[in-house]
Amino acid sequence: MPETNSPRSDRPALAVTVGDPVGIGPEITVRTLSEVGTTASARGVVVADPAVLRRAAAVCGLDVRIRALDSWDLPEERDGVIDCFDIGELGETELPWGTVDKRAGAAAVRAIEVATRAAMDRRVAGIVTGPINKEAIWAAGSEHLGHTEMLGALTGVTRQNTMFVVRGKKIFFATRHVSLRTALDQVGADQQVAAIEEALTALRVFGHDEPRLAVAAINPHGGENGAFGTEEIDHLVPAVERVRTAGADVVGPVPADSVFHQLLQDRYDGVLSQYHDQGHIAAKTFDFDGTISVTVGLPILRTSVDHGTAFDIAGTGVADPGTMRSAFLHGCEFSHFADRIRAEYGS
């Protein structure tokens, strides 16, 4: 691919981490940035060891040049060039593809630290993260359960949540990665009010000045007035009434077999799902590659893929970059809200 000077030198930058360097993250990252080139509304700078990207480009058969950087004073963009902020973790060491390795885990952690610091220092407008392997980061000495907890510690935030975005629609989660039994035990009126208010705040931050939110029911048919469960009567209805009394445009509980369809009909800007799979299944069935994750509550923008490292196909060049492309392009779109994010969630 020939190099030409890019006319888009004024674009904001996004720091892109590949996740685990021996998973599919490097491949879907180089494919994404080679595809969007200089046409997107923001500029991608990969945070990794340059050799990792060169190897990924080779297995993908891409004609791109990896340009190593050691400063956030970014040079002029060029077509056919992927810029890489060198984290200096692996050097030229080539680790086996698709294996749990503490050296890969250390590189993943280092990249997250560097990218987050760049965002906190306003050198970039936000970060886009590839998939990490939890066993690898734990082997490297990380005490965090995953990306979200690590980002919270790096930014000084103790509470953050996930917002799914799929074709412009937002899905929130009242409970996190816990068993269904534990999720049900966590449901309460106060807990629901807090989750509703957090979702409304996120919708405002991300451009919905007068947000419309639906709260998903838990039980079939919304419990049928207690015949199929009383969580709606005991907790969800009182919570919705409390926030509506305060002036919020919130409806529910709406039966889960219809609320996501109604979201697609543009009745709402977002849905608060009650547990992990309730929201995940709806979003990923509708558009698996188009579903991306945004961490709300952080003082920085962070979009992410919502899939794993796919060790079974890593290094083969066949990984579909669709979700990474969606995460990057949403990061470009949401980079315009970076100041809102800092103002709302910063200390």
Side-chain angles (χ1 to χ4, degrees), residues 148 152 157-165 169-280 282-283 293-299 337 340-341 343-347:
T148 302
V157 170
T158 57
R159 181 174 176 83
Q160 58 269 16
N161 292 289
T162 296
M163 177 177 76
F164 267 14
V165 182
K169 301 303 181 181
K170 281 81 173 179
I171 298 174
F172 303 88
F173 300 87
T175 57
R176 292 181 56 77
H177 290 110
V178 295
S179 71
L180 181 56
R181 175 71 270 158
T182 301
L184 293 176
D185 290 340
Q186 290 179 352
V187 171
D190 290 343
Q191 175 260 358
Q192 288 289 305
V193 169
I196 292 169
E197 290 177 343
E198 288 173 348
L200 289 170
T201 296
L203 287 171
R204 292 188 191 97
V205 168
F206 285 88
H208 301 279
D209 294 333
E210 297 181 356
R212 303 164 299 160
L213 180 72
V215 175
I218 294 174
N219 294 299
H221 305 285
E224 290 282 17
N225 294 317
F228 301 151
T230 63
E231 284 84 1
E232 287 77 15
I233 295 171
D234 295 339
H235 308 302
L236 274 60
V237 169
V240 170
E241 289 179 349
R242 281 167 58 182
V243 294
R244 284 181 61 85
T245 298
D249 188 354
V250 179
V251 300
V254 181
D257 62 357
S258 59
V259 69
F260 297 104
H261 172 67
Q262 294 172 7
L263 176 67
L264 295 178
Q265 291 182 316
D266 200 35
R267 294 194 195 181
Y268 326 116
D269 301 308
V271 167
L272 176 65
S273 63
Q274 295 297 328
Y275 52 91
H276 180 279
D277 283 4
Q278 189 181 59
H280 278 244
S293 175
V294 180
T295 304
V296 295
L298 299 174
F337 301 129
R340 282 194 188 191
I341 293 168
E344 179 62 42
Y345 300 120
S347 56

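Sequence positions, counted from 1, serve as the residue numbers for this chain.
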How are the rings of Phe164 and His280 set to each other: parallel, tilted or perpendicular (split at 30° and 60°)?
tilted
Sub-3.5 Å donor-acceptor pair from the side chain of Thr175 to the main-chain atoms of Gln274, do we have one?
yes
Is any side-chain heavy atom of Phe206 closer than 4.5 Å to one of Ile341?
yes
Is it true that a side-chain atom of Gln192 and a backbone atom of Gly188 form a donor plus acceptor pair closer than 3.5 Å?
no
Under 3.5 Å donor-acceptor pairs involving side-chain atoms of residues 244-260, not counting sequence neighbours:
unit_1	atom_1	unit_2	atom_2	d
Arg244	NH1	Val250	O	2.7
Thr245	OG1	Glu241	O	2.8
Ser258	OG	Pro255	O	3.2

A side-chain contact here means heavy atoms from C-beta on lying under 4.5 Å apart; do Ile218 and Val187 qualify?
yes
Tell me whether Glu344 contacts the main-chain N or O of Ala202 through its side chain, where contact means a donor paired with an acceptor under 3.5 Å.
no
Distance (rounded to the nearest 0.5 Å) between Lys170 NZ and Thr162 OG1:
15.0 Å
Indicate yes or no for a side-chain donor-acceptor contact from Glu232 to the backbone of Asn219 under 3.5 Å, with no hydrogens or angles considered.
yes
Is there a side-chain contact between Tyr268 and Leu213 (heavy atoms, below 4.5 Å)?
no
Within a strict 4.5 Å, meaning less than it, do heavy atoms of the Arg159 and Glu198 side chains meet?
yes
Can you sort out the partners of Arg212 under salt bridge (Lys or Arg N to Asp or Glu O under 4.0 Å), two or more places apart, ordered by chain and number?
Asp266, Asp269
Could you tell me whether a side-chain N or O of Thr182 sits under 3.5 Å from a main-chain N or O of Val178, the two making a donor and an acceptor?
no
N-O pairing of Arg204 and Glu210 below 4.0 Å
no
How long is the gap from CD on Gln191 to CD1 on Ile196, to the nearest 0.5 Å?
9.0 Å
Are the side chain of Gln160 and the backbone N or O of Thr148 linked by a donor-acceptor pair below 3.5 Å?
yes
